[in-house]
Structures are given as structure tokens and as C-alpha cells.
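Okay, structure first, notes after.
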Amino acid sequence: MTTDVLVVGGGPVGLAAAVEARLAGLSVVVVEPREGEIDKACGEGLMPGALDAVHRLGVDPAGHPLLGVSYRSGRRHADHLFSAGPGRGVRRTTLHAALRERAAALGVEHVTERVTAVEETADTVAAAGVEARWLLACDGLHSSVRRIVGLDVPTPPSALPWRRDADRRRFGLRRHFRVRPWNDLIEVHWGDGVEAYVTPVADDVVGVALLGPPRNDFAASLAGFHEISEHLRGAEPLGAVRGAGPLRQASRRRTAGRVRLVGDASGYVDALTGEGLRVGLAQARAAVACLEDPAGYERAWSAATRDYRLLTSGLVAWAQSPARRGIVPVAGAAPGLYGWVVDRLAR
């Protein structure tokens, strides 16, 4: 099988990259070992910028309006409404199904296979029995393609003196509950070393994601968030707890010959600011626009991820420091700064 663009990874970012390539007039094959709708542990909140990007692709997934973000700790809270308009809470499987339907309508082909090798010549790149002019690696945090082409790097050591002897890795856990949403804001509850994200994803479903250290027990940690527990009292859990991590990943570069790393495969800081999908969609658009220009893609990647990398890294460092308990009080005392950060990340 031959094609212009081979996309490795059939999640939302991979499908978005496939749609971008088809809209640019290129033939596309997506290689993904899993069949059906692909789920993963994530906060499931489409920030306003991500929702605009999804709409531009011709997709409008069902969900629940998100008007802003609320940081909460005990009786304290700091709320900010998105200045760019509402976002949307969307179940991962719903978003995946909508993007897959759009890709199929545009003529994207699918191969159910796992990539174990990448072969490249001066003019082509091949994987999973598909030969292409370009390969877009959209295969997630633990990207096989990133490792195969030599772009993988160990997670850099922490520069935080108070964390040198600790396990600094962070993981995400998520579960849905059948309950009517009690807030139209994304709630971020700051606990003792764990953050809880509450995102309404339907009129009768709420997703709860926990971000924290390794070996974090979902039920035990959730019980420590008394406000959330009260809202979920008697609510039916939907499905099993899903996990992802370690979250922090890095790459040497985003390009290697005819290969481009896109989305989480290109590097990831943390889910704390909730804009991973917005950044991934921006990368997908840039990768297709810069197929002939690897240096151009590196510049576009840097521009698309700059705020995310700087602001998220800073917030994670703060969250892992002895000053963690001051995050919500500071957000409440400096609403202008808090709102600027939220809007900067949500745009």
C-alpha cells in the first residue's frame, strides 16, 4: 500500500492530522492496532481554542458547555470565566467517534496493525506494510516511533532541591459517574499531593480525573475530596478506572528525515492545565503545513507549545514544592493574573 501521508496512531490527534492532510489534498493511511473507539485517561475538557480547532475540521461532538475554570481547596475557590467563550466537556470516545467518521467521509484509509519498525529511503518512509512520502507519529506518550527513530530521551532530572530524593513522576486516573453536573466550570480541587479534575461531559455524566504520584489509589484519594464525594454520593460509576503515565515525556527533536512527531509523541509536560488536546491539534495542523520544511515544523511546534511548556512547567514545579497550599489563595488574591493564565492556556 502506498500513500502520501502515513499517520501512526488513530487517537484524536492522529485522526485530526489525517483530516488536515486530506483537506490539503493528500492521500492518507492511518495505522492503529486497536479497533473501535479508543478511550484513555484524560480530563476530557475541550478548551475554547480546542473546540474552535475541532469545528474547523468539520466536527461538532456532543457534550456539555464549559464556561471556565474553578480552583478549589477546602472552603476557598477562585473562578474565572473563559474570555474567548465557552469550551465543551466531551467524552473521549465521543470525540474519537466524531473524528473517525469525519476522516472516513474524507477518504482516509485505516490499517489495523502495530508499528514495530520504520524504514526510510531518500524519498519514502515505510511502516506496517505501508509506504508513504511522510510519516506523522501520533502514537501517544510512549510513542514507539519516537523510540524507533532515535528521538526518545530520558525524562530530565528535576532541578527542584526538595524533590531530588522523591519519585517525581506523575500519573493520571479517570472514571465517569452517572450524575447531573453541579457546575458548568472545570473544577480543579487541590488536595494533599493530588489534584482532582471534575469535568461535566454530558447532561447526566461527570468525569473525575486524579493527577498525582505513582501507586495512587483512585477510591482512597477521591474520598479525601469531601466536596466531590458529597456530590457523587449514590452516583453510579460508569466503567473502570483508566490510567495514564508517567506524564512527563521529552524528545530530542520533532523531526527525523521524513518522520514528524505530533501530539503527546512529540513531548509532554503535564495534564494539570488541561490543554494537551489544543496543543496537539495545533501541532497536527502545523505538521501537515510543513511536510516539506522540517525546520519550519520545529519553529511552528515551538510556537504552538511555548505557553503550555512554560506555564505548565511552572505550575507543576509550584505544585510539587512546599508552597503548594498557596496556589488557590494566590489565585483568589490575584484574579487578574489567574485569569490571564487561564485564558492564555485556553485560547
W190: what forms a ring-ring contact (aromatic ring centres under 6.0 Å, His included) with it, not counting sequence neighbours?
-> Y71
Excluding sequence neighbours, so at least two apart, what forms side-chain contact (heavy atoms from CB on, under 4.5 Å) with L95?
-> P12, L46, V54, P61, V90, L99, L277
Using only heavy-atom distances, determine whether the side chains of D39 and H96 contain a donor-acceptor pair under 3.5 Å.
-> no
R133/E292 ion pair, N-O < 4.0 Å | yes
Residues passing the side-chain contact (heavy atoms from CB on, under 4.5 Å) test with D152, sequence neighbours excluded, are R146, R147
List in chain and number order the residues that pass ring-ring contact (aromatic ring centres under 6.0 Å, His included) with H231, two or more places apart in sequence or in another chain; answer none if no residue qualifies.
-> W182
Under 4.5 Å between any side-chain heavy atoms of D270 and R248, yes or no?
-> no
Of all pairs that satisfy side-chain hydrogen bond (donor to acceptor under 3.5 Å, both in side chains), the ones with a partner from residues 256-265, not counting sequence neighbours = K40-D264
R72 and S70: side-chain donor and acceptor closer than 3.5 Å?
-> yes
Any Lys/Arg nitrogen of R92 or E44 sitting under 4.0 Å from an Asp/Glu carboxylate oxygen of the other?
-> no
Would you say the side chain of S144 lies within less than 4.5 Å of the side chain of V115, judging by non-hydrogen atoms?
-> no
Is it true that R178 and D204 have a side-chain N and a carboxylate O under 4.0 angstrom from each other?
-> yes
Side chains of S266 and S251, donor plus acceptor under 3.5 Å | no
In short, E37 meets A97 closest at the heavy-atom pair OE2-CB, 3.5 Å
Could you tell me which residues satisfy side-chain contact (heavy atoms from CB on, under 4.5 Å) with T124, sequence neighbours excluded, listed by chain and number?
-> T121, E131
